[in-house]
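Here is the structure we will look at, set down as structure tokens.
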Amino acid sequence: MARTGQHLHAALGMIAPAETARPSEEPEMPNPTDDPDDFDAVIIGAGVLGGAIAVELSRRGLHTLNVDKASAAGAGSTINSCAIVRFSYSTVPGVSLAWEAMHYWTDWAGYIGTTDELGLVDFHRCGMFNLVIEEGDHSSKVRALWQELGIPFEDWTLADLAERMPLLDHGRYGPPRRPDDPHFWDDADGTITGAIFTPDAGYVSDPQLSCHNLQRAAEASGGEFWFNAEVTSVDQADGRVGGVTLADGRSVVAPVVVNAAGPHSAVVNEMAGVFDSMGIKTRALRHEVHHVPAPQGFDFMADGMVGADDDTGFYFRPETGNNVLIGSVDPKCDDREFVDPDDYDTVLSQDQWEAQVLRANRRMPTLGIPHEKKGVVDLYDVSDDWLPIYDRTDLDGFYVAIGTSGNQYKNAGAVGQLMAELIEAVESGHDHDASPVVVSGRYTGWPIDVGFYSRNREVNPDSSMSVHG
């Protein structure tokens, strides 16, 4: 028997917004259904966001199902996430959401609230610095936002930088260039100004394991996960979403469907017939991250930290085995390769390897260039302004948590709460388009205006249009 709207509203009403359980509290188990293919909510995707949304909805009494074409939780684009936890966003809502989300990682065991036979992830709170190139640059804007919001940080002089990260050259080489640019190897044109450092940033040890943790947390509240389950149709009934159909012919009936499909988000929106009606669109962007050994004599795992350098165009963090993970901040000189998420080159390219590793060598001259290319190729799910879309859609019951790859892994816990309260409000009759839902952060109590992430917003001019991991 299909779930009715009344049943869904009753389930959503089991925990009112003001009474949302703390992560460490024992969640109330929902009643089982008679039909195993009949659910209150289907979440397309079992990456870090899909898992977090399942945790929140299942703890509110909904019988949830995550379907994912991959073979395990987090085996899609999340598996190759740099998993950096940072607050260097260019807008107040962006910084606020990231600061709220950080508390989920520091309270991970309490948030998960159950055991996982594989263990729980570790949050390496090693801190992060952003180089300040000149007054008025991105880091200067971030500093102003941190001051406004009260985010703990330190202003570092060049002497501080030399003491904390002695590997770094202090020259100013920007704007970022590619190695075939005749000015790539020009001498420094002055020096950078310093850095801003936030001690509460860091990175998560294993992004895929974090998804398994979330799976176990959702299952503890009655959620289910189906893998190797590719969605081929987003079904509709009576003018609203009605569920999904899978490639193996199974049909799942549900009055709520959430698109958390990462790089496949646009494909799923096309299935649902909402792609054209959305003001902000998403596309899959091919991306590379490279791994190189740390400079000899420097213990990067013990003494390293996360860093971002907009002057040469890369970011980095410690990686297992005393390696350095190197990513690109997507400078203008690099071509952006938008691809079919089911058909793209998964082999590291020589050109991009050289660009990213040589940029890193400009800032860390003792890093060197390994003979063997190591790293990963995967996809970002990028919106028109590189900010995520957390919203309802023009198809009643169909919601999106998309445009997130590359910059929202760190925000998963907070996004789970945000999406659950959005769904709760809209399914109870609230007009989110006219009066956007505002969520109170579970840990900070800070207001999170969900309207900031609207599908119908204008392209945000304050976005950096780039990623620091």
Side-chain angles (χ1 to χ4, degrees), residues 1-17 30-45 50 53-54 56-58 60-68 222-224 226 229-261 264-279 281 389-402 418-437 450 454-456:
M1 224 182 130
R3 292 274 180 166
T4 64
Q6 289 84 357
H7 178 98
L8 176 65
H9 294 160
L12 285 168
M14 291 177 68
I15 303 179
N31 294 324
T33 61
D34 297 326
D35 182 349
D37 292 348
D38 184 5
F39 294 84
D40 292 318
V42 173
I43 301 152
I44 303 173
I53 294 167
E56 292 293 335
L57 290 178
S58 63
R60 284 166 165 76
L62 274 67
H63 188 200
T64 63
L65 170 67
N66 288 69
V67 293
D68 199 301
E224 297 186 36
W226 293 357
E230 180 179 358
V231 173
T232 56
S233 172
V234 175
D235 305 324
Q236 301 184 30
D238 300 324
R240 62 175 292 135
V241 78
V244 298
T245 300
L246 305 179
D248 61 11
R250 285 180 292 176
S251 292
V252 181
V253 176
V256 167
V257 174
V258 183
N259 178 1
H264 286 83
S265 69
V267 176
V268 174
N269 282 343
E270 291 274 14
M271 291 181 192
V274 302
F275 180 85
D276 291 336
S277 65
M278 296 183 65
K281 306 290 196 295
I389 308 170
Y390 302 131
D391 204 355
R392 61 161 298 163
T393 67
D394 291 351
L395 174 62
D396 288 345
F398 186 71
Y399 298 83
V400 292
I402 61 176
L418 179 158
M419 289 298 300
E421 294 199 18
L422 170 68
I423 293 167
E424 184 173 52
V426 174
E427 294 302 310
S428 298
H430 182 80
D431 187 347
H432 173 63
D433 288 338
S435 178
V437 171
V450 187
S454 169
R455 70 196 185 280
N456 292 325

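- Judged as a side-chain contact (heavy atoms from CB on, under 4.5 Å), and not counting sequence neighbours, the contacts of Asn269 are Asn259, Val274, Phe275, Met278, Phe398, Val400, Ile402.
- Residues Ala54 and Asn66 come closest through the heavy atom pair CB-OD1, 3.1 Å.
- For Met271, the side-chain contact (heavy atoms from CB on, under 4.5 Å) test picks out Val231, Val234, Val267, with sequence neighbours left out.
- Looking only at atom types and distance, the side chain of Asn456 has no donor-acceptor partner in the side chain of Ser454 under 3.5 Å away.
- Contact detail for Leu57 and Ala41: the closest heavy-atom pair is CD1-CB, 4.1 Å.
- For Glu270, there are no salt bridge (charged side-chain N to carboxylate O under 4.0 Å, His left out) partners at least two apart in sequence or on another chain.
- A pairwise comparison of heavy atoms in Glu56 and Ala420 identifies CB-CB, 3.6 Å as the closest pair.
- His63 and Glu224 share a side-chain donor-acceptor pair at under 3.5 Å.
- If you take CG on Asp391 and CE on Met419, they are separated by 8.0 Å, rounding to the nearest 0.5 Å.
- At least one donor-acceptor pair under 3.5 Å links the side chain of Thr232 to the backbone N or O of Thr245.
- Taking CG of Leu422 as the reference point, atom OH of Tyr399 lies at 6.0 Å (rounded to 0.5 Å).
- No donor-acceptor pair under 3.5 Å is formed between the side chain of His430 and the backbone N or O of Glu424.
- Other residues, nucleotides and ligands place more than 12 heavy atoms under 6.0 Å from the CG atom of Asp248.
- By the salt bridge (charged side-chain N to carboxylate O under 4.0 Å, His left out) test, Asp394 pairs with Arg455, sequence neighbours left out.
- Residues meeting the side-chain hydrogen bond (donor to acceptor under 3.5 Å, both in side chains) test with Asp396, sequence neighbours left out: Arg392.
- Looking at every heavy atom in both residues, Ala272 comes nearest to Leu395 through O-CD2, 3.8 Å.
- With sequence neighbours excluded, the residues forming a side-chain contact (heavy atoms from CB on, under 4.5 Å) with Ala229 are Val67, Trp226, Leu246, Arg250, listed by chain and number.
- Across every non-hydrogen atom of Thr64 and Gly223, the tightest pair is OG1-CA, 3.4 Å.
- Considering CG of Leu65 and CG of Asp40, their distance stands at 11.0 Å, rounded to 0.5 Å.
- Contact detail for Ala401 and Ile53: the closest heavy-atom pair is CB-CD1, 3.9 Å.
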